[in-house]
Amino acid sequence: MAKRGGFPGGMPGNMTNLMKQAQRMQRQMEEKTKELEEKQYTAAAGGGAVTVTVSGKKEVVSVKISPEAVDPDDVEMLEDMIVAAANEAFHQMEEASSAGMAEMTGGLGGLGGLSF
């Protein structure tokens with residue numbers, strides 16, 4: 001004879017609740033991931049001379065360059081501004097992603113070492 005919450009005939013009550021919570025959290029994380037992937041992040045460099053927009057999928061969506069930034073004698077500076085703006089936009093995207101996942105895990109520290 002099994003006592004309340006025993007194994008015969010099914011999982012213990014607490015285990016069933018844990019499984020339901022894990023499934024709910026997985027669905028929420030999938031929704032949050034999709035939401036973050038659909039967002040776009042924009043950053044500028046060179047006082048706004050170069051603007052780069054990236055997606056939450058870690059893809060460059062657009063690069064806008066002000067005509068004043070195009071100096072045929074200083075292409076290297078334009079290249080540097082593009083790199084700086086892209087890196088900042090990716091940094092914004094990573095911060096938003098980390099914040100979103102931390103919100104989902106309730107500050108569990110990456111669920112035992114797993115990072116998102």
Side-chain angles (χ1 to χ4, degrees):
M1 287 202 183
K3 293 183 180 178
R4 183 172 170 232
F7 286 92
M11 288 187 194
N14 287 341
M15 183 61 95
T16 302
N17 288 340
L18 284 174
M19 292 298 292
K20 287 180 182 179
Q21 287 177 343
Q23 290 170 345
R24 184 172 52 246
M25 183 179 231
Q26 182 178 5
R27 279 192 308 275
Q28 290 172 337
M29 290 179 79
E30 288 169 358
E31 290 170 6
K32 182 59 111 176
T33 299
K34 184 178 179 185
E35 178 185 318
L36 290 168
E37 286 179 349
E38 292 174 355
K39 287 187 177 184
Q40 293 187 349
Y41 307 87
T42 302
V50 173
T51 303
V52 175
T53 301
V54 299
S55 73
K57 291 182 180 181
K58 300 180 182 180
E59 297 172 340
V60 175
V61 176
S62 72
V63 176
K64 302 228 187 274
I65 301 171
S66 169
E68 298 84 40
V70 182
D71 181 354
D73 296 326
D74 196 1
V75 174
E76 188 175 318
M77 184 171 83
L78 177 57
E79 293 169 342
D80 290 343
M81 286 190 289
I82 293 169
V83 169
N87 285 336
E88 177 58 27
F90 280 119
H91 179 72
Q92 290 175 16
M93 183 268 307
E94 288 291 337
E95 280 186 354
S97 179
S98 293
M101 288 302 145
E103 179 182 307
M104 290 297 307
T105 61
L108 293 178
L111 292 176
L114 297 175
S115 60
F116 296 96

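Heads up: numbering here begins at 1 and tracks the sequence.
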Could Glu35 and Lys32 be called an ion pair, given the rule that one side-chain N must be under 4.0 Å from one carboxylate O? yes

Hydrophobic cluster membership, [X] vs [Y], 4.5 Å side-chain cutoff:
X     : Y     : result
Met25 : Leu36 : yes
Val50 : Met77 : yes
Val61 : Met93 : no

Those residues at least two apart in sequence (or on a different chain) that pass side-chain hydrogen bond (donor to acceptor under 3.5 Å, both in side chains) with Glu95 are His91

Would you indicate whether the side-chain heavy atoms of Lys58 and Glu94 approach each other to under 4.5 Å? yes

Nearest atoms (heavy-atom pairs only) where [X] meets [Y]:
X     : Y     : result
Thr42 : Gln92 : O-OE1, 3.3 Å
Ala43 : Ala85 : CB-O, 3.5 Å
Ala45 : Met81 : CB-O, 3.4 Å
Ile82 : Val52 : O-CG2, 3.9 Å
Ile65 : Ala69 : CG2-CB, 4.0 Å
Ala44 : Thr51 : CB-OG1, 4.0 Å

For Leu78 and Asp71, run side chain to side chain contact (heavy atoms under 4.5 Å, CB included): C-alpha distance rounded to whole Å, both residues' side-chain angles, the deciding distance at 0.1 Å, then the answer. CA-CA 8 Å; Leu78 177 57; Asp71 181 354; over 6 Å; no

Flag if over 12 foreign heavy atoms under 6.0 Å of CD, Glu30: yes

Rounded distance [0.5 Å steps], CD in Glu38 versus NZ in Lys34: 5.5 Å

